[in-house]
Each structure stands twice: as structure tokens, then as C-alpha cells.
A.B. asks: 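Questions regarding the structure given below will be posed in turn.
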Amino acid sequence: MELTDLEQALAAVRPDGLALVYYRPELAGNRELVLEAVRQNGLALSYAAVALKADRAIVLEAVRENGEALLHAAKGLQADREIGLEVVRKDGWSLVYCAAELRVDREVVLEAVRQNGDALAWVARELHTDREIVLEAVRQHGGALAYAAEAFRADREVVLEAVRQDEGAWHLAAEVIRVEEKLIRGAAGSFIAVAGTEAPVFTVRAVAAQEGGGLEVTAYSMAGESWSGAMPADVPLGELGRRLVARPMQVCAHGLSRAQPTLPV
């Protein structure tokens with residue numbers, strides 16, 4: 001039995017949504033065909049008929065597959081909040097394709113920078129003074145410090161978070177903060193958490209003085225893995241944390257048998 005034109009088109013776009021280009025203009029307005037195409041490749045929306053670029057269900061399917069598809073949606077849907085959230089949760093950088101009113105929407109912006117810190121480049125000017133947004137951005141990608149306002153590039157905590165994620169972000173810090181390079185770089189590598197961040201947690205179970213000075217430290221991870229090693233008597237907490245994170249742990253068969261003070265490092 002001979003296939004109809006629509007059946008042939010459906011068979012073509014299911015493995016390659018961009019094949020929709022070969023069925024314009026005759027079938028580019030067929031809703032079933034366009035849905036199949038954008039589910040396979042969101043960018044096939046660019047080949048859909050104008051009316052279907054304004055079809056909310058089709059645009060949602062397209063941006064779920066590829067956030068960049070929003071570029072080809074009708075202008076009204078580029079300002080749709082639900083669609084905008086779908087876009088930035090998948091690809092924060094695609095905030096650039098959202099309408100201006102979404103780029104000033106704090107929830108949409110936070111979702112964007114959490115997925116891709118560099119989305120800070122597309123945030124509305126009104127939110128450039130929002131410290132939480134800037135911190136979330138540099139925690140995801142230290143290089144996002146380049147898009148932060150000058151005040152934040154001179155903010156110790158913001159710079160610290162950026163350098164923790166990407167040591168190269170140090171060069172993006174304001175001149176006034178670079179005089180503290182040794183302090184900031186040391187803190188960034190210390191494994192001590194600052195407000196709003198997570199860090200590995202270990203239990204220091206025993207500390208014993210060694211002959212000739214120094215300490216023998218025994219610690220356990222939350223999984224019950226153990227580590228023992230010699231440390232200088234004046235070891236900073238951050239250095240102890242660095243060694244605990246870097247050194248291989250041994251699984252302890254009995255685990256932690258009783259509650260011990262925990263050391264966040």
C-alpha cells in the first residue's frame with residue numbers, strides 16, 4: 001500500500017526532526033507532523049508554519065528538547081513564564097531568548113544561573129545588585145564573576161566562591177581585592193564551608209601527641225571510612241580538611257559505633 005505524503009513525512013521526522021524542512025510549505029502547518037518533529041529536535045520549530053510557532057503545546061515540546069528553540073517561538077510565548085522556566089532549567093544560557101519581563105523575574109533568573117552561571121550575562125540590570133543571584137552564578141561557574149557588578153567583584157565572599165569553583169576567576173576580581181590574594185586563595189582551597197555552601201563532613205575520632213612533636217589524627221567519613229595520619233601540632237583546620245578530602249580512606253568494618261563530634265571541612 002502506497003504511503004500518503006503525511007505518512008512519509010512522519011516517517012522522516014521521527015529519526016530527524018530537522019527533516020521537516022523538506023515538507024514546507026505543504027505540511028509545515030500540520031500539527032501532528034510538527035509535534036513529532038520538535039519532540040525529536042526542538043530546533044525544527046524554525047520550519048513550522050507561523051501559526052504553529054504560536055501554539056503553546058508545540059513550543060513547550062520544542063523547548064523541552066532544546067531551550068534554543070524559544071528563539072523561533074512567537075513573541076508572546078517568549079514572555080510565557082512556564083515556558084521560560086522550562087527553558088532555563090534545561091539550559092540557563094537560553095535566558096537570552098526569553099523576553100525582557102522574564103529576565104527581570106527573580107525565580108526565572110535564579111533557575112537560569114543555577115543551571116549555567118554565565119546566564120548572569122543576560123540578567124536584567126535591576127537584578128545585578130541581587131547578591132543571592134550573583135553568588136548562585138559564581139558557585140555554578142566562577143567565570144561568571146566577569147558579568148557581576150564592580151561591587152561584587154570587590155566582595156570577599158563572592159570572590160571566594162568564584163575562585164573555589166574556578167581558580168582562574170581570581171583575575172576577574174576587582175583590583176582592590178587582589179591585595180588579599182594569598183588570603184583568598186588559601187581560603188578557597190581550605191574546604192571550610194561558608195554560609196550557603198556544602199562541604200564534606202568527617203568525624204575526628206582520636207588525636208594523640210607523638211614523640212618529638214606533632215599529632216596522630218584518626219578521622220572517619222560519614223560512610224564509616226577511616227583515615228589516620230601525622231600532622232603538625234599547629235596544623236590549621238583548613239589544611240586538615242584538605243588532607244582528609246585528598247587522602248584515600250579505608251572502609252571501617254564496624255563503622256561509627258557511637259556519636260562523635262563532627263568536623264565540617
Side-chain angles (χ1 to χ4, degrees), residues 67 88-96 103 106 109-123 125 127-204 215 217 219-223 225 227 229-249 262-265:
V88 299
R89 284 171 179 154
K90 185 174 183 65
D91 176 14
W93 184 258
S94 289
L95 182 66
V96 65
R103 286 186 274 120
R106 194 169 186 276
V109 167
L110 276 169
E111 290 287 347
V113 299
R114 284 169 180 157
Q115 200 284 327
N116 185 331
D118 288 339
L120 188 61
W122 308 116
V123 173
R125 185 178 298 275
L127 293 181
H128 270 227
T129 56
D130 190 310
R131 197 164 188 274
E132 182 184 359
I133 288 173
V134 175
L135 277 168
E136 290 289 343
V138 300
R139 284 170 183 158
Q140 198 285 324
H141 181 217
L145 189 61
Y147 307 115
E150 181 70 18
F152 290 122
R153 289 190 281 118
D155 183 306
R156 289 180 184 83
E157 184 181 357
V158 172
V159 173
L160 170 60
E161 290 296 327
V163 175
R164 265 193 169 150
Q165 199 286 320
D166 178 2
E167 189 174 351
W170 174 253
H171 301 291
L172 300 170
E175 193 66 35
V176 68
I177 207 80
R178 291 192 192 182
V179 297
E180 302 179 25
E181 178 172 5
K182 185 175 181 181
L183 175 64
I184 298 262
R185 283 185 183 273
S190 71
F191 292 94
I192 298 176
V194 297
T197 64
E198 297 179 354
V201 176
F202 295 87
T203 296
V204 175
L215 302 171
V217 178
Y220 290 84
S221 72
M222 293 298 284
E225 299 169 320
W227 175 84
M231 305 287 290
D234 60 350
V235 61
L237 184 60
E239 179 58 24
L240 174 58
R242 183 195 300 277
R243 295 198 189 186
L244 287 174
V245 171
R247 299 242 178 151
M249 307 287 281
T262 57
L263 173 69
V265 295

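As a basis for the values below, the full set of heavy atoms in this structure was taken, side chains included, without hydrogen atoms, waters or symmetry mates.
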A.B. asks: List the steps and the verdict of side chain to side chain contact (heavy atoms under 4.5 Å, CB included) for Val159 and Trp170.
C.D. replies: CA-CA 7 Å; Val159 173; Trp170 174 253; 4.0 Å; yes
A.B. asks: So how far is it from Glu132 CD to Leu127 CG, rounded to the nearest 0.5 Å?
C.D. replies: 11.0 Å
A.B. asks: So which heavy atom on Arg106 is nearest to which on Ile133, and how close?
C.D. replies: CG-CD1, 4.1 Å
A.B. asks: Would you check, one step at a time, whether the test side chain to side chain contact (heavy atoms under 4.5 Å, CB included) holds for Tyr147 with Trp122?
C.D. replies: CA-CA 9 Å; Tyr147 307 115; Trp122 308 116; over 6 Å; no
A.B. asks: For Gln165 versus Arg139, what's the shortest heavy-atom pair and its separation?
C.D. replies: CG-O, 3.2 Å
A.B. asks: Under the side chain to side chain contact (heavy atoms under 4.5 Å, CB included) test, which residues partner Ala149, sequence neighbours left out?
C.D. replies: Phe152
A.B. asks: Would you name the heavy atoms of Val134 and His128 that are closest together and state the gap between them?
C.D. replies: CG2-O, 4.2 Å
A.B. asks: Can you see which heavy atom on Ala144 is nearest to which on Ala137, and at what distance?
C.D. replies: CB-O, 3.9 Å
A.B. asks: Tell me the closest heavy-atom pair linking Gly142 and Leu172, and the distance in Å.
C.D. replies: O-CD1, 4.4 Å
A.B. asks: According to salt bridge (Lys or Arg N to Asp or Glu O under 4.0 Å), who are the partners of Asp155, at least two apart in sequence or on a separate chain?
C.D. replies: Arg131
A.B. asks: Check each of Asp130, Val113, Val158 against Leu135 using the side chain to side chain contact (heavy atoms under 4.5 Å, CB included) test, and report the only one that passes.
C.D. replies: Val158
A.B. asks: To the closest 0.5 Å, what do you measure between CD (Gln115) and CZ (Arg89)?
C.D. replies: 11.5 Å
A.B. asks: Can you list everything that forms a salt bridge (Lys or Arg N to Asp or Glu O under 4.0 Å) with Arg153? Sequence neighbours excluded, please.
C.D. replies: Glu150
A.B. asks: Could you walk me through whether Arg164 and Glu157 pass salt bridge (Lys or Arg N to Asp or Glu O under 4.0 Å), step by step?
C.D. replies: CA-CA 10 Å; Arg164 265 193 169 150; Glu157 184 181 357; over 6 Å; no
A.B. asks: Please check: side-chain N/O of His141 versus main-chain N/O of Asn116, any donor-acceptor pairing under 3.5 Å?
C.D. replies: no
A.B. asks: Taking all heavy atoms of Asp118 and all of Gly143, pick out the closest pair and write down the distance.
C.D. replies: OD1-C, 4.1 Å
